[in-house]
Amino acid sequence: MSLKIQNSISGTKEVFQPIHEGRIGMYVCGPTVYSDVHIGNCRTFVSFDIIYRYLMYLGYKVRYVRNITDVGHLEGDADSNAEDKISKKARLEQIEPMEIVQRYSNGFHDIMRRFNTLEPSIEPRATGHILEQIEMVEEIIKRGYGYEANGSVYFDTNKLIQEADIYGKLSGRKVEDLLVETRDLKNQGEKRHPSDFAIWIKADERHLLRWNAPWSDGFPGWHLECSVMSTKYLGERFDIHGGGNDLKFPHHENEIAQNYGACGNTPANYWIHSNMLLLNGKKMSKSDGNNITPTELFTGDSDHISKAYSPMVLRFFFLQAHYGSTLDLNDTSLQAAEKGYQRLMEAYKTLLELSSANPKSDSPVAIEIEQTIQAAVEEMNDDFNTPKALARLFELIPTINKLSDGQLNVDDAGQYALDLAKKGFEDLLFVVFGLKKETEDHNGHMDQLDGLMKLVIDMRQQARENKDWPTSDKIRDTLNEIKIDLKDGKDGTSWALKA
RNA sequence: GGUCGGGUGGCCGAGCGGCUAGGCAGAGGUCUGCAAAACCUCGUACAGCGGUUCGAAUCCGCUUCCGACCUCCA
């Protein structure tokens, strides 16, 4: 089965066909760096990280471009007297806009690293492409899709609507509605139609971020950067354009308009939109306070949650829902995800310890494993269905445990079956899902800790053999207090750090 | 108000015409000095009402509730 993708522009699931055999160009709208990322942003970027990883897993050579918006994103009503978000923050804090940009870019990257997302191939910034943006504005004007008014330049949506059946398609909007928009906005006088939008904005005195352009001392409109940077690094036509659902309108709609205005064609063949992360059943948003930051989740420092959750638990939590569905974040679901994640990783560990001298490859267990792993990959082919792929892996856990505790004979299963399972788990868990073993994060002290624990367990075992229960229980209880679990099993005692 | 998307077992969440995921919680069991953990086994639910069909959670209509977009947001 071939890869199918839900294409927002057609509203249907389509078989994926790259423009150039074996290669894929993918552009994803990145963050505006005027404040800390919130966890909703993270879900989107994790979703696209998994898509990126899976495309590479399939063997494609992927150029993944994800921008950083550091100018042009306005606060409040667009096209009015609104202020650039970064410029405003800098003015309020009395520091350079680029200090704001640096601070929050760093923060964003730190969080992305903790979520174990791969870096994009190119991470271009809007301010690094002012010249190209000015050039695109000129091109849009030259081709008749833009006009100047008082030093600002607007995109003529009406002209586009008259000439091509493009505008409004992605977001399912009716052009008549767009054209007669009656909202009471300022500066509407400069625009010919309510639906027109600024591609170059004349800066007023307050603005700190400004560049000299033919029309005014100003700055580029928010949507322009993505048109410019996707075109520059991926070409006028590329394969995949992604972003959050809330960017469909007006951002992506306007982006398409600009590309058409400047290049005469729409930019991407497949548009992928990830859905919102909800908190308390409502969309999370930086601007209305209904949010929780990744850091708060990692530390547990929030009224919304009862304890801390690690980045990988969050990642697993995201994987349990399809990227195209809304997902409600709450404490009970996170606890459930944590347990599930641990059980999955525990099964993988168990799997690693299994081996057999029998190389045979046609055992029932081998067949079961092969089919299940294959099914999991097929689920990924169906529009990156991570919850289903994950479900397939969970179905193998009882088999792994039975092989481990002897309910199933390892040699009957054979080494081939074990190798299949190991390869399958590793490919899916680490390569595609981007999960990782978190215990490895403990600064390389694990060996020492492990040695120490072996000693402690050994001493407790002696106490137990002497039926010295007070001593044995004291060791167990004290370790428990410092969040180390002792697990008495059939073949001795093992230990684990508690989450 | 307009447009779009949803309401699935105690909770989260897949599926989207027949084969009735998965996780968590819960119940029973194995193991254990006790306990915990772990492991094994167990769940026929699809908002309501009509309709189409041999057959509907899945298609159609109505009702109702929720959310998103329409204004800055991933």
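Throughout, protein chains are lettered first and strands after them, A, B, ... in sequence-line order, and every chain is numbered starting at 1.
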Problem - Distance between P atoms of C19(B) and U58(B) (Å, rounded) - result: 13 Å

Problem - Separation of the C1' atoms in A27(B) and G61(B), to the nearest angstrom - result: 42 Å

Problem - Atom-to-atom span, CG of Asn330(A) to C1' of C66(B) - whole angstrom - result: 16 Å

Completion exercise
For A14(B), the nucleotide meeting Watson-Crick or G-U wobble distances (both under 3.5 Å) is none

Practice task
Tell me which nucleotide among C72(B), A74(B), A21(B) gets nearest to the side chain of Arg392(A).
Solution key: A21(B)

Problem - Rounded distance in Å between the P positions of U53(B) and C16(B) - result: 24 Å

Exercise for the section: Report yes or no: is there a donor-acceptor pair, N or O only, under 3.5 Å between the side chain of Asp473(A) and the base of G33(B)? Expected result: yes

Completion exercise
Out of A74(B), C12(B), C40(B), minimum distance to the side chain of Thr44(A) belongs to A74(B)

Practice task
Hey, can you tell me if His241(A) and Trp271(A) have their rings parallel, tilted or perpendicular (30° and 60° cut-offs)?
Solution key: parallel

Problem - Selection from C40(B), G22(B), C70(B) that lies nearest to any side-chain heavy atom of Ala391(A) - result: G22(B)

Exercise for the section: Considering just the side-chain nitrogens and oxygens of Lys169(A), establish if one lies under 4.0 Å of OP1 or OP2 belonging to C4(B). Expected result: no

Practice task
Report which part of the nucleic acid Lys248(A) touches: base, sugar-phosphate, or nothing (heavy-atom distance under 4.0 Å, all strands).
Solution key: nothing

Handout entry: Value in whole Å for how far the P atom of C34(B) lies from CD of Glu465(A)
Key = 16 Å

Fill in the blank from the handout: Partner of Leu55(A) under side-chain contact (heavy atoms from CB on, under 4.5 Å), picked from Ile50(A), Val62(A), Val432(A), Asp239(A), is Val62(A)

Practice task
Would you mind checking if Arg53(A) and Asp49(A) are paired as a salt bridge, meaning a charged N to carboxylate O distance below 4.0 Å?
Solution key: yes

Problem - For atom OH of Tyr348(A) and atom P of A38(B), their distance in whole Å - result: 20 Å

Exercise for the section: Check every strand shown and say whether His322(A) touches a base, only sugar-phosphate, or nothing at a heavy-atom separation below 4.0 Å. Expected result: sugar-phosphate

Exercise for the section: Give one of base, sugar-phosphate or nothing for Asp328(A), where a contact means two heavy atoms less than 4.0 Å apart. Expected result: sugar-phosphate

Problem - Residue-phosphate contact under 4.0 Å: Asn385(A) side-chain N/O, A14(B) OP1/OP2 - result: no

Problem - Rounded P spacing from G18(B) to G55(B) in Å - result: 14 Å

Exercise for the section: Please give the nucleotide sitting opposite C70(B) as a Watson-Crick or G-U wobble pair, both distances under 3.5 Å, or none. Expected result: G1(B)

Problem - Thr372(A) side chain to Glu395(A) side chain, donor-acceptor N/O pair below 3.5 angstrom - result: no

Exercise for the section: Spell out yes or no: do the side chain of Arg173(A) and the base of C4(B) have one donor N/O and one acceptor N/O closer than 3.5 Å? Expected result: no

Completion exercise
Paired to C62(B) by Watson-Crick or G-U wobble criteria (both distances under 3.5 Å) is G48(B)

Practice task
Would you please confirm or rule out a distance under 4.0 Å between OP1 or OP2 of A37(B) and any side-chain N or O of Ser494(A)?
Solution key: no

Exercise for the section: Identify which nucleotide among C69(B), C24(B), A14(B) has an atom closest to any side-chain atom of Asp246(A), counting heavy atoms from C-beta outward. Expected result: C69(B)

Practice task
May I ask you to say what Glu395(A) touches in the nucleic acid, namely base, sugar-phosphate or nothing, with a heavy-atom cut-off under 4.0 Å?
Solution key: sugar-phosphate

Problem - Nearest-neighbour nucleotide for the Asn41(A) side chain, G33(B), A74(B), C12(B) considered - result: A74(B)

Practice task
Look at all strands and tell whether Asp405(A) reaches a base, only sugar-phosphate, or nothing, counting heavy atoms closer than 4.0 Å.
Solution key: sugar-phosphate

Problem - Carboxylate-amine/guanidinium contact Asp488(A) Arg460(A), below 4.0 Å - result: yes

Practice task
Would you mind telling me which of C11(B), G23(B), G13(B) lies closest to the side-chain atoms of Ala321(A)?
Solution key: G13(B)

Handout entry: No-hydrogen, no-angle side-chain donor-acceptor test under 3.5 Å, Arg125(A) and Thr127(A)
Key = no

Handout entry: Interatomic distance at P, C34(B) relative to G29(B), whole Å
Key = 15 Å

Practice task
Could you tell me which nucleotide pairs with U30(B) by Watson-Crick or G-U wobble geometry, both distances under 3.5 Å, or answer none if nothing does?
Solution key: A38(B)

Fill in the blank from the handout: Walking RNA chain B from its 5' end, the first of Ala336(A) and Gly172(A) to be reached, judged by nearest nucleotide, is Gly172(A)

Exercise for the section: Would you indicate what Gln407(A) reaches in the nucleic acid, counting non-hydrogen atoms under 4.0 angstrom: base, sugar-phosphate, or nothing? Expected result: sugar-phosphate

Practice task
Before accepting this row, confirm whether a basic side-chain N of the pair Lys13(A)/Asp382(A) lies closer than 4.0 Å to the acidic partner's carboxylate O.
Solution key: yes

Completion exercise
Among the nucleotides C24(B), A68(B), C39(B), whichever has the atom closest to the side chain of Asn401(A) is C39(B)

Handout entry: Presence of salt bridge, Glu338(A) and Arg343(A), under 4.0 angstrom
Key = no

Handout entry: Nearest-angstrom distance, C1' atom, A14(B) to C31(B)
Key = 34 Å

Exercise for the section: Report yes if a side-chain nitrogen or oxygen of Lys339(A) is closer than 4.0 Å to either non-bridging phosphate oxygen (OP1 or OP2) of A25(B); otherwise report no. Expected result: yes

Exercise for the section: Would you indicate what Leu344(A) reaches in the nucleic acid, counting non-hydrogen atoms under 4.0 angstrom: base, sugar-phosphate, or nothing? Expected result: nothing

Exercise for the section: Could you state the atom-to-atom distance from CD of Glu378(A) to P of A21(B) in whole Å? Expected result: 20 Å

Handout entry: Stacking of Trp469(A) on G33(B) base (centres under 5.5 Å, planes under 30°)
Key = yes

Fill in the blank from the handout: On RNA chain B, more 5' by nearest nucleotide between Cys42(A) and Ser171(A) is Ser171(A)

Exercise for the section: Give a yes/no on whether any side-chain N or O of Arg343(A) is located under 4.0 angstrom from OP1 or OP2 of C24(B). Expected result: yes

Problem - Base of A35(B) paired with side chain of Asp488(A) (donor-acceptor, under 3.5 Å) - result: yes

Exercise for the section: Sticking with atom C1', work out how far C59(B) lies from G22(B), rounded to a whole angstrom. Expected result: 27 Å

Exercise for the section: Go through U41(B), G13(B), C34(B) for me and flag the one nearest to the Leu327(A) side chain. Expected result: G13(B)

Exercise for the section: Could you check which of A21(B), G13(B), G33(B) has an atom nearest any side-chain atom of Ser472(A)? Expected result: G33(B)

Handout entry: Pair Phe430(A) and Tyr348(A), ring centroids less than 6.0 Å apart
Key = yes

Handout entry: d(NZ, Lys283(A); C1', G67(B)) in whole Å
Key = 11 Å

Problem - Euclidean distance, atom CZ of residue Phe318(A) to atom P of G13(B) [Å, nearest integer] - result: 13 Å

Handout entry: Distance-only polar pair, side chains of Ser302(A) and Glu296(A), donor-acceptor under 3.5 Å
Key = no

Problem - Counterpart base for U53(B), defined by Watson-Crick or G-U wobble contacts under 3.5 Å - result: none

Practice task
Could you give the distance separating A21(B) and A36(B) at their P atoms, to the nearest angstrom?
Solution key: 31 Å

Handout entry: Interatomic distance where CD belongs to Gln461(A) and C1' belongs to G33(B) [whole Å]
Key = 12 Å

Practice task
Calculate the interatomic distance between Leu429(A) atom CG and G23(B) atom C1'; express it in whole Å.
Solution key: 15 Å

Practice task
Consider the side chain of Leu247(A), meaning its heavy atoms from C-beta on, and name the nucleotide among C34(B), A74(B), A37(B) that approaches it most closely.
Solution key: A74(B)

